[in-house]
Amino acid sequence: MSPTRPIRLSGLLAVLDGIGARAEAILAYVGGLAELIGQALAALLVSPLKRGRSLQRTVHQAMAVGVSAVPIITLITFFVGVIIALQGAYGLQRLGAMQLVAGLVAISITRELGPLVAAIVVIGRSGSAFAAEIGAMRVAEELDALKTMALDPVAFLVSPKLAAMVMMMPCLAIWSDLMGILGGALFGVTKAGFTFGTYFIATREALALRDITTGLAKSVFFGIVITAVGCHEGFSTGAGAEEVGRSTTAAVVISILLVVLIDLAFTYLFYSARSAV
């Protein structure tokens with residue numbers, strides 16, 4: 001036997017061991033997210049007393065998550081709609097099919113980019129804020145103070161955020177869709193020979209109800225994931241102010257990754273369902 005073979009074998013085993021450890025850590029993390037979501041939903045749905053006490057906090061979170069995000073989502077998705085129209089027109093003009101610009105923008109925005117852009121904006125604004133808020137409370141031992149006052153930190157902090165996010169993400173997705181379509185309409189009216197009336201008629205004819213409901217269904221799951229990751233990272237914060245920054249960064253990165261993966265999964269499922277019909 002060659003003396004290099006045991007060395008190669010040990011190296012392969014070390015690589016496999018590292019892969020297994022990473023897979024175990026990922027599964028444990030996903031399990032922690034699922035457990036946190038389950039506890040928050042139980043606090044919302046099972047206990048009427050807790051549900052009544054959290055209503056005011058839910059409204060406050062809904063204002064912070066939803067209403068405050070409207071201006072930036074308006075700007076971003078409006079310009080995204082213009083960009084899609086410009087890029088689509090470049091190819092469609094060569095084919096003599098400029099009349100399809102409205103449908104291209106509408107389907108791209110409602111199925112994918114509207115909910116996805118809204119989710120990414122909310123991650124940057126609210127997901128990071130959730131992690132920073134709970135992380136700072138953990139460093140300052142305020143979570144322990146809640147427990148001494150017989151307040152469950154998950155019910156007190158996570159449940160209102162989860163309820164607000166589930167309510168507001170579909171609303172933001174609809175608003176994002178509308179602004180993206182208006183951005184496409186600006187290009188259509190100024191460069192593609194449409195009027196606002198004919199543009200929106202073409203948009204209505206191109207869209208089906210499932211295009212809109214697909215985006216809304218995604219947005220609900222986006223909201224759940226953003227809340228779970230942000231709060232989980234906050235509860236996992238170590239000692240020291242530096243750890244708060246680490247938790248905030250991790251919440252943003254992991255949330256974006258999971259949102260994109262969920263978007264991919266939903267897109268594949270809906271594509272498979274349509275192909276099977």
Side-chain angles (χ1 to χ4, degrees), residues 65-126 167-223 226 256 259-277:
V65 168
V67 178
S68 299
V70 168
I72 186 64
I73 288 177
T74 299
L75 286 174
I76 292 175
T77 51
F78 182 85
F79 293 137
V80 167
V82 176
I83 291 169
I84 294 174
L86 285 167
Q87 294 289 352
Y90 176 77
L92 293 174
Q93 189 175 27
R94 299 168 63 185
L95 300 174
M98 283 290 286
Q99 70 277 7
L100 300 179
V101 168
L104 173 66
V105 172
I107 293 174
S108 300
I109 289 290
T110 55
R111 286 186 186 176
E112 294 294 336
L113 292 177
L116 188 61
V117 169
I120 292 174
V121 170
V122 171
I123 288 171
R125 294 188 72 261
S126 301
M167 288 188 297
M168 296 309 298
M169 280 303 298
C171 299
L172 292 175
I174 291 174
W175 183 256
S176 181
D177 294 344
L178 178 60
M179 290 299 104
I181 291 172
L182 285 176
L186 177 64
F187 172 83
V189 171
T190 57
K191 296 295 184 179
F194 286 92
T195 65
F196 278 107
T198 57
Y199 187 91
F200 286 111
I201 289 173
T203 298
R204 185 182 62 188
E205 292 176 349
L207 285 176
L209 181 61
R210 66 174 178 269
D211 297 325
I212 300 173
T213 56
T214 296
L216 295 181
K218 290 179 184 179
S219 66
V220 172
F221 283 90
F222 291 167
I226 293 168
I256 292 176
V259 161
V260 172
L261 290 177
I262 290 173
D263 184 48
L264 173 62
F266 267 89
T267 301
Y268 178 77
L269 288 175
F270 285 120
Y271 173 78
S272 301
R274 286 196 298 268
S275 300
V277 175

**Asked** Roughly how far apart are I109 CD1 and D211 CG, rounded to 0.5 Å?
**Response** 12.5 Å
**Prompt:** Rounded to the nearest 0.5 Å, how far apart are CD1 of I262 and OG of S219?
**Reply:** 11.5 Å
**Prompt:** Which pair of heavy atoms, one from G66 and one from M168, lies closest together, and at what distance?
**Reply:** CA-CE, 3.6 Å
**Minimal non-hydrogen separation, V105 against G180, with atom names** = CG1-O, 3.8 Å
**Request:** Kindly compute the distance separating CG (L182) from CZ (F196), expressed to the nearest 0.5 Å.
**Result:** 7.5 Å
**Message:** Could you go through V80 and I84, starting from their C-alpha distance and side-chain angles, then the distance that decides it, and tell me whether this counts as side chain to side chain contact (heavy atoms under 4.5 Å, CB included)?
**Reply:** CA-CA 6 Å; V80 167; I84 294 174; 3.9 Å; yes
**Prompt:** Under a 4.5 Å cut-off applied to non-hydrogen side-chain atoms, are I181 and F200 in contact?
**Reply:** yes
**Request:** Of all the heavy-atom pairs spanning I107 and A206, show the shortest one and how long it is.
**Result:** CD1-O, 3.9 Å
For residues 70-79, run the donor-acceptor check on the side chains, cut-off 3.5 Å, and write out each pair with its distance to 0.1 Å, sequence neighbours left out.
residue: T74; atom: OG1; partner: V70; partner atom: O; Å: 2.7
residue: T74; atom: OG1; partner: W175; partner atom: NE1; Å: 2.6
residue: T77; atom: OG1; partner: I73; partner atom: O; Å: 2.5

**Message:** Could you check whether any side-chain N or O of K218 sits under 3.5 Å from a backbone N or O of R111, counting only pairs where one atom can act as donor and the other as acceptor?
**Reply:** yes
**Request:** Without swapping roles, check the side chain of T267 against the backbone of D263 for a donor-acceptor pair under 3.5 Å.
**Result:** yes
**Request:** List the steps, then state whether side chain to side chain contact (heavy atoms under 4.5 Å, CB included) holds for L86 with F187.
**Result:** CA-CA 7 Å; L86 285 167; F187 172 83; 3.3 Å; yes
**Asked** Got more than 12 heavy atoms from elsewhere within 6.0 Å of CD, Q87?
**Response** no
**Message:** For I226 versus A119, what's the shortest heavy-atom pair and its separation?
**Reply:** CD1-O, 3.7 Å
**Heavy-atom closest contact (M169 atom, V122 atom, distance)** = SD-CG2, 3.7 Å
**Prompt:** Hey, are the side chains of P115 and D177 touching, using non-hydrogen atoms and a 4.5 Å cut-off?
**Reply:** yes
**Prompt:** With sequence neighbours left out, which residue pairs that include part of residues 179-202 fulfil the side-chain hydrogen bond (donor to acceptor under 3.5 Å, both in side chains) condition?
**Reply:** T195-T198
**Request:** Any chance you could measure T110, atom OG1, to I174, atom CD1, to the nearest 0.5 Å?
**Result:** 11.5 Å
**Spacing of CZ belonging to F222 relative to CG belonging to L116, to within rounding of 0.5 Å** = 5.5 Å
**Asked** Which atom names give the shortest non-hydrogen contact between A102 and T203, and what distance separates them?
**Response** CB-OG1, 3.8 Å
**Prompt:** When you measure from the side chain of T213 to the backbone N and O of R210, does any donor-acceptor pair fall under 3.5 Å?
**Reply:** yes
